[in-house]
Asks: 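So that we are looking at the same thing, I have put the structure below in structure tokens.
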Amino acid sequence: MAPEPEMRRAAPGKQSVAATGAASGALALGGAAAPMPVQQPKEKSKLELGDDKGVAEGGNTFEAYKANAFTETAKDNLSTFAADVDTASYSMARRYLQQGQLPPTQAVRVEEFVNYFKYRYTPPEDGAFTVHLEGAPSPFNARRQFVRVGVQGKVVSRSQRKPAHLVFLVDTSGSMASSDKLPLAIESIKVAVKNLNENDTVALVTYAGSTRDVLPPTPATDVKKIHAALDTLVAGGGTAMGSGMETAYKHAVKKAAAGVVSRVVVLTDGDANIGPNLSPKAMLASVQKYVSEGVTLTTVGFGMGNYHDSLMEQLADKGNGNSFYVDSMKEARKVFETQLTGTLEVIAKDVKFQVEFNPKAVSRYRLMGYENRDIADKDFRDDKVDAGEIGAGHTVTALYEVELTGEEKELATVRIRAKAPNGTEAKEQAFPLTRANLKPSMEAASTDFRFAVAVAATADILRAAPAAEGWSLATTQKLAEGAVAGDSDRTEFVRLIGQARALTTASARGN
């Protein structure tokens, strides 16, 4: 298929990690952009900060990862990575696009784009999850195939899950004053409380120039008391994130037990410029020590202008939790209502994937995304090495681009290792990927497969991945349009591709 130059995103140059032009206009609670002046903060990758600097930096901070390149199977036939169900990158990119800007290349993480969407994988009858393998020819290169590894976690109903103790840690510093930050965070917590059970409890801690215990552990059914505490919150002062985190964890540890889900939920714009734990390294260490005590962590980001995406993602990773970004009331409902049960109830921890490609059948391969989830091949069976978590009802999807060779039927073996939520030893399962899993054409592939490919390819184009050079957003949009299947999130994604195409065209013309 002939490339369409105006639909490609230019590869970033050496200075690309410092992008400018991030709109920070506040969003109304309904999700529409409010008519506020647009700020132009400097964005920079964490690589510019240096290990010795803290998180108190202007602009939005992102980690710059180098996209996976093709690997020759004869030289290295193992691909190993950790599960990831974070979605922050997608909702953040959506905000950029809706405000008329392309997201910074380093803000785009393919796996978080792909895993934002729900796929209709068959749930397991027994065990924690099922695995679904599928492949089809690439619409971009006739010599290549896309292959998908899809995992569906078991579903745990609201009435079946363990009692939860949630400590909401809310940033009330001065930078949280705009309507798309603290007010939206407060409404998000109210959505969460509405969806908790009678055995669940809620505590509330805030941090600004100092840390404050606003609400002691309170039954989730005492909605009036919880709402009254939330309605007292106002923004003002500095940001003592480190001390706030310590206080929240101390509350959570008191309730931690084998039969209880104890979780800290941080709601912040990601700026942390005052407090004892200034460096990211110190904050990560303080979070990690509580994991062994049974406390997990969710980070939820709000707003733009001083958002530290890299810190929020790493905190959630070290805290055995998830990272989200909320840009509207619609997204708040998705995260705190639709995804809440899955976020709370972990069904498998330290989940690792290892795909062993057959050199006689696959000449080259590349994993799309998961660069920050890479695990050394030798550590696949080392159960001391931390990996990702899968929550109840979660799906995890990974896509490979491969080049086939020969006539061998066995293409690869997909292995998954995971521990039970409270286990220390992992169990391993193996699934064969054969030519029988490959469809003769993209049109013959399942709706979910086609949509996942469209999303992954769009993300690769937006982040200017070298392997995606020459790919067209027009092609990904057409592919996504044919796989919407009546889903509102997918319909929105198709519109976003249209906005990205328009912005890319304007950029190419120098507008």
Asks: As an exercise, state the distance from CG of Leu204 to CG of Leu166, rounded to the nearest 0.5 Å.
Replies: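 The CG atom of Leu166 is 11.5 Å from CG of Leu204, to the nearest 0.5 Å.
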Asks: How about Val453 and Leu399: do any of their side-chain heavy atoms sit closer than 4.5 Å?
Replies: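 Answer yes - side chains close enough.
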Asks: Side chain of Asp379, backbone of Asp382: donor and acceptor closer than 3.5 Å?
Replies: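 Checking the backbone N and O of Asp382 against the side chain of Asp379, no donor-acceptor pair under 3.5 Å is found.
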Asks: CG of Asn195 to CZ of Arg333: how many Å apart, nearest 0.5 Å?
Replies: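 The distance works out to 11.5 Å.
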Asks: State whether the side chain of Gln106 and the backbone N or O of Phe62 hold a donor-acceptor pair below 3.5 Å, judged by distance alone.
Replies: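 A pair under 3.5 Å: no.
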Asks: According to the salt bridge (charged side-chain N to carboxylate O under 4.0 Å, His left out) rule, which pairs have a member within residues 101-114, sequence neighbours left out?
Replies: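 Applying salt bridge (charged side-chain N to carboxylate O under 4.0 Å, His left out) to every pair that reaches into residues 101-114, excluding sequence neighbours, yields Arg109-Glu112, Arg109-Asp309, Arg109-Glu313.
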Asks: Less than 4.5 Å apart, side chain to side chain, heavy atoms only: is that true for Phe168 and Val300?
Replies: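 Phe168 does not reach Val300 side chain to side chain.
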Asks: Which pair of heavy atoms, one from Ala500 and one from Leu462, lies closest together, and at what distance?
Replies: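 Heavy atoms only, the tightest pair is CB-CD2, 4.1 Å.
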Asks: Return yes if a side-chain donor-acceptor contact under 3.5 Å exists between Thr296 and Tyr290, otherwise no.
Replies: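 No, because no side-chain N or O of Thr296 sits under 3.5 Å from a partner of the opposite role on Tyr290.
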Asks: Testing the basics here: between Met368 and Ala456, what is the closest heavy-atom pair and its distance to 0.1 Å?
Replies: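 Smallest interatomic distance, heavy atoms only, reads CE-CB, 3.7 Å.
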Asks: Is Arg373 close to Lys352 at the side-chain level, that is, under 4.5 Å between some pair of heavy atoms?
Replies: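 Not touching, per the 4.5 Å side-chain cut-off.
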Asks: Which is it for Arg463 and Thr105 under the side-chain hydrogen bond (donor to acceptor under 3.5 Å, both in side chains) test, yes or no, and what are the steps along the way?
Replies: CA-CA 4 Å; Arg463 69 171 180 162; Thr105 55; over 6 Å; no
Asks: Grab the two heavy atoms, one from Leu367 and one from Ala398, that are nearest each other, plus how far apart they are.
Replies: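 The pair with the smallest heavy-atom distance is CD1-CB, 4.2 Å.
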Asks: Under 3.5 Å, is there a donor-acceptor pair between the side chain of Lys349 and the main chain of Gly423?
Replies: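 Yes.
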Asks: Please check if the side chain of Asn197 supplies one atom and the backbone of Pro163 the other of a donor-acceptor pair under 3.5 Å.
Replies: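 No, because the side chain of Asn197 does not come within donor-acceptor range (under 3.5 Å) of the backbone of Pro163.
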Asks: Look at the side chain of Thr504 and the backbone N and O of Ala502, then say whether any donor-acceptor pair between them is shorter than 3.5 Å.
Replies: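 Such a contact is absent between Thr504 side chain and Ala502 backbone.
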Asks: Determine the sole option in Thr397, Thr458, Thr395 for which the side-chain contact (heavy atoms from CB on, under 4.5 Å) test with Val114 is passed.
Replies: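 Between Val114 and the candidates, side-chain contact (heavy atoms from CB on, under 4.5 Å) is satisfied uniquely by Thr397.
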Asks: Kindly determine whether Asp213 and His251 satisfy side-chain hydrogen bond (donor to acceptor under 3.5 Å, both in side chains), including the steps that lead there.
Replies: CA-CA 10 Å; Asp213 275 324; His251 278 298; 2.7 Å; yes
Asks: Could you check whether Tyr325 and Tyr307 have their ring centres less than 6.0 Å apart?
Replies: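 Yes, ring centres under 6.0 Å apart.
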Asks: Would you confirm whether the ring centroid of Phe353 sits within less than 6.0 angstrom of the ring centroid of Phe380?
Replies: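 For Phe380 and Phe353, the ring centres are not under 6.0 Å apart.
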Asks: Contact between Asp86 and Asn115 at the side-chain level, heavy atoms closer than 4.5 Å - yes or no?
Replies: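 When only atoms from C-beta onward are counted, Asn115 and Asp86 do not touch, as no gap falls below 4.5 Å.
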Asks: Under 3.5 Å, is there a donor-acceptor pair between the side chain of Arg490 and the main chain of Lys118?
Replies: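 Such a contact is found between Arg490 side chain and Lys118 backbone.
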Asks: Could you give the distance from CZ (Phe113) to OG (Ser89), rounded to the nearest 0.5 Å?
Replies: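 The distance works out to 5.0 Å.
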Asks: Can you tell me how far CG of Asp222 sits from NE2 of His227, rounded to the nearest 0.5 angstrom?
Replies: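 Rounded to the nearest 0.5 Å, the NE2-CG separation comes out at 10.5 Å.
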Asks: Could you point out which residue of Asp269, Asp171, Asp327 forms a salt bridge (charged side-chain N to carboxylate O under 4.0 Å, His left out) with Lys181?
Replies: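 That would be Asp269; it is the only one of Asp269, Asp171, Asp327 passing the salt bridge (charged side-chain N to carboxylate O under 4.0 Å, His left out) with Lys181.
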Asks: My understanding is that only residues two or more places apart in sequence, or in another chain, count here; which of them pass ring-ring contact (aromatic ring centres under 6.0 Å, His included) with Phe129?
Replies: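 For Phe129, no residue satisfies ring-ring contact (aromatic ring centres under 6.0 Å, His included) once neighbours in sequence are set aside.
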Asks: Kindly indicate whether the side chain of Thr298, heavy atoms from C-beta on, has any atom under 4.5 Å from the side chain of Val264.
Replies: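 Answer no - side chains too far apart.
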Asks: Do any N or O atoms from the side chain of Gln354 and from the backbone of Ile416 form a donor-acceptor pair under 3.5 angstrom?
Replies: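 Side chain of Gln354 to backbone of Ile416, a donor-acceptor pair under 3.5 Å: no, none is there.
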Asks: Look at the side chain of Lys334 and the backbone N and O of Val326, then say whether any donor-acceptor pair between them is shorter than 3.5 Å.
Replies: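 Side chain of Lys334 to backbone of Val326, a donor-acceptor pair under 3.5 Å: no, none is there.
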Asks: Strictly distance-based, threshold 3.5 Å: is any side-chain N or O of Asp448 a donor or acceptor partner for the main-chain N or O of Tyr119?
Replies: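 Such a contact is absent between Asp448 side chain and Tyr119 backbone.
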Asks: Do Lys194 and Val223 touch side chain to side chain, with heavy atoms closer than 4.5 Å?
Replies: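 No, too far: nothing below the 4.5 Å cut-off.
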Asks: When rounded to the nearest 0.5 angstrom, what distance separates CG in Leu315 from CG in Asp317?
Replies: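 If we round to the nearest 0.5 Å, Leu315:CG and Asp317:CG are 9.5 Å apart.
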Asks: With the side chain counted from C-beta on, respond yes when Leu97 and Pro103 share a heavy-atom pair under 4.5 Å apart, and no when they do not.
Replies: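 Sidechains of Pro103 and Leu97: in contact.
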Asks: In this structure, is the centre-to-centre distance between the rings of Tyr90 and Phe117 below 6.0 Å?
Replies: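 Yes - the distance between ring centres of Phe117 and Tyr90 falls below the 6.0 Å cut-off.
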Asks: So, do Met245 and Val287 sit near enough that their side-chain heavy atoms are less than 4.5 Å apart?
Replies: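 Yes. Closest side-chain heavy atoms under 4.5 Å.
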Asks: I need the Gln99 CD to Gln499 CD distance, nearest 0.5 Å.
Replies: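 So the gap between those two atoms works out to 11.0 Å.
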Asks: Could you please spell out the steps behind the side-chain hydrogen bond (donor to acceptor under 3.5 Å, both in side chains) verdict for His165 and Thr201?
Replies: CA-CA 5 Å; His165 174 57; Thr201 57; 2.6 Å; yes
Asks: I'd like to know whether NZ of Lys162 has more than 12 heavy-atom contacts from other residues, nucleotides or ligands below 6.0 angstrom.
Replies: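 Enclosed: over 12 neighbouring heavy atoms sit under 6.0 Å from NZ of Lys162.
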Asks: Verify, without hydrogens or angle tests, whether Gln314 (side chain) and Ser310 (backbone) share a donor-acceptor contact under 3.5 angstrom.
Replies: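 Such a contact is found between Gln314 side chain and Ser310 backbone.
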Asks: Check the pair Tyr400, Arg148 against side-chain hydrogen bond (donor to acceptor under 3.5 Å, both in side chains), reporting the backbone distance first and the verdict last.
Replies: CA-CA 6 Å; Tyr400 284 90; Arg148 182 204 67 199; over 6 Å; no
Asks: Looking at Asp350 and Lys384, is any side-chain nitrogen of the basic one under 4.0 Å from a carboxylate oxygen of the acidic one?
Replies: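 Judged by the 4.0 Å cut-off on N to carboxylate O distance, Lys384 and Asp350 do not form a salt bridge.
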